[in-house]
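Step one of this worksheet: look at the structure below.
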Protein chains: 2
Amino acid sequence: MADPRWLTDDERSAWLNLASVLELLPGALDAQLLRDDDLTHFEYFTLASLSEAPERTLRIKALADMTNATLPRISRVLTGLEKAGLITRSLCDNDRRARNVTLTEKGWSAVVQAAPRHVENVRRLVFDRLTPEQTAQLSSIAESLLGELDPEGRMFTVPASGSGSGDVPG
Amino acid sequence: MADPRWLTDDERSAWLNLASVLELLPGALDAQLLRDDDLTHFEYFTLASLSEAPERTLRIKALADMTNATLPRISRVLTGLEKAGLITRSLCDNDRRARNVTLTEKGWSAVVQAAPRHVENVRRLVFDRLTPEQTAQLSSIAESLLGELDPEGRMFTVPASGSGSGDVPG
DNA sequence: AGGTATTGCTTGTACCTACAACTATCAGTT
DNA sequence: AACTGATAGTTGTAGGTACAAGCAATACCT
């Protein structure tokens with residue numbers, strides 16, 4: 001077994017802390033959304049992504065890329081959201097293989113209703129714990145990691161403070 | 001709907017970037033371990049936790065706490081690892097409800113074999129992208145978040161082990 | 001046009017995980 | 001000792017996700 005570059009003490013401690021966060025934070029996000037709004041975090045993120053799109057409409061493939069979902073995954077999630085009346089599927093004009101997904105009024109209401117509580121939870125779990133300097137550091141660090149994790153920038157990568165209008169945070 | 005404390009632009013960008021990392025990094029970790037060593041990251045973490053315990057043995061409940069797993073989850077994962085010959089279950093002396101889990105020689109070998117590649121992957125995905133300052137910042141930030149996510153420090157406290165020599169990073 | 005590869009999406013199958021129910025055991029009370 | 005409640009662990013069942021297969025439509029190439 002070739003001698004690997006091991007981790008320094010600093011790296012090791014950073015890694016253990018980060019690994020714990022990776023294990024715990026998604027569950028904490030899911031739990032609040034499920035409890036308060038009967039949505040998984042992925043479903044919420046899906047709806048929120050749609051809410052920010054022009055006409056609140058996206059092609060399924062584009063939505064899958066933005067949410068880092070496989071096509072099978074997004075397909076089944078959309079089936080569930082469609083049954084709940086939160087989205088509708090329709091044919092795509094210029095490509096008859098493809099389908100458009102549109103947020104319904106009910107879906108829009110669901111996002112608008114869920115967003116404040118979700119934001120409050122994010123604030124409680126993350127930003128209330130960090131200084132403004134740490135928030136900036138975190139953004140920069142996460143952006144660096146995305147360079148390797150998502151080199152094509154498929155998922156939202158926000159380099160700096162671009163102003164969203166009245167949109168719903170993901 | 002009460003007016004929520006919204007996110008500032010900095011917070012919003014930090015959150016979108018962090019959310020993307022939360023979505024992508026676990027998959028990237030799992031993919032490498034599955035491909036190279038036929039282990040999920042959770043299985044690897046389980047074996048690594050055992051490898052650091054005294055006598056390479058832990059009670060199932062303690063293992064569940066350290067890995068943030070529910071008892072049903074750890075139970076089934078252990079069943080799989082037992083079938084693969086990587087761990088054994090045995091009765092606990094002082095509490096006949098409980099069981100001890102012990103890493104077998106084969107399990108120890110599996111961790112030792114997987115560790116360098118896993119570490120290399122962690123380095124490639126994370127630390128090669130960060131300056132030493134950012135590594136320190138990340139550790140501090142993650143530690144702050146754990147204050148809310150894991151107030152009792154369950155995932156950290158590896159019960160002081162006597163066999164600290166040839167340990168394997170989690 | 002005709003043929004082949006690729007893309008967009010859905011569905012079959014298998015695995016993983018959570019919640020709940022269940023057994024067995026322990027701890028505290030009377 | 002008997003009773004009650006809590007704890008350790010396993011298993012039934014349901015829901016989510018991935019991989020692979022499948023169908024429809026497009027793109028490319030000659």
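Residue numbering restarts at 1 for every chain, and letters A, B, ... go by the order of the sequence lines.
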Exercise. Judged by modelled atom types alone, do B/T88 and B/T102 share a side-chain donor-acceptor pair under 3.5 Å?
Worked result: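 Note: B/T88 and B/T102 side chains miss the donor-acceptor criterion.
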For this session: Go through the side-chain N and O atoms of B/S139 and A/N17 and say whether any donor and acceptor fall under 3.5 Å apart.
Result: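 Judged by distance alone, the side chains do pair up.
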For this session: Using the heavy-atom set of chain B and a strict 4.0 Å cut-off, write down the first and last nucleotide of DNA chain C that makes it in, 5' to 3'.
Result: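 Under 4.0 Å from chain B, the extent on DNA chain C is C/dT17 to C/dC26.
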If the threshold is 4.0 Å, N to carboxylate O, is there a salt bridge linking [X] and [Y]?
| X | Y | result |
| --- | --- | --- |
| A/R76 | A/E82 | no |
| A/R73 | B/E23 | yes |
| B/E105 | B/R56 | yes |

For this session: Not counting sequence neighbours, which residues clear side-chain hydrogen bond (donor to acceptor under 3.5 Å, both in side chains) with B/R96? List them please.
Result: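 None.
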Exercise. In residues 72-86 of chain A, what residues come within less than 4.0 Å of DNA chain C, judged by heavy atoms?
Worked result: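 Correct list: A/P72, A/S75, A/R76.
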Problem set entry | Residues in contact with DNA chain C, drawn from residues 90-103 of chain A - heavy-atom cutoff 4.0 Å |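 Result for residues 90-103 of chain A: A/R97, A/A98, A/R99, sorted by number.
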Is a side-chain donor or acceptor of [X] paired with a backbone partner of [Y] at a separation under 3.5 angstrom?
| X | Y | answer |
| --- | --- | --- |
| A/T104 | A/G85 | yes |
| B/Q113 | B/A110 | no |
| B/S75 | B/P72 | no |
| B/E148 | B/L145 | no |
| B/E52 | B/S49 | no |
| A/N100 | A/S90 | no |

Exercise. Which atom pair, heavy atoms only, marks the closest approach of A/R129 to B/S144?
Worked result: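 Closest approach of A/R129 to B/S144, heavy atoms only: CD-O, 3.2 Å.
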For this session: Please work out whether the ring planes of B/H41 and A/W15 are parallel, tilted or perpendicular, with thresholds of 30° and 60°.
Result: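 Geometry flag for A/W15 against B/H41: perpendicular rings.
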Exercise. Side chain to side chain contact (heavy atoms under 4.5 Å, CB included) with A/V101: which of A/T46, A/L78, A/T57, A/L58?
Worked result: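 Of A/T46, A/L78, A/T57, A/L58, side chain to side chain contact (heavy atoms under 4.5 Å, CB included) with A/V101 is met by A/L78 alone.
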Problem set entry | DNA chain D contacts made by residues 53-62 of chain A, counting heavy atoms under 4.0 Å |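 Contacts with DNA chain D under 4.0 Å: none.
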Exercise. Earliest and latest nucleotide of DNA chain D, 5' to 3', sitting under 4.0 Å from a non-hydrogen atom of chain A?
Worked result: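 Terminal contacting nucleotides, 5' to 3': D/dT17 to D/dT26.
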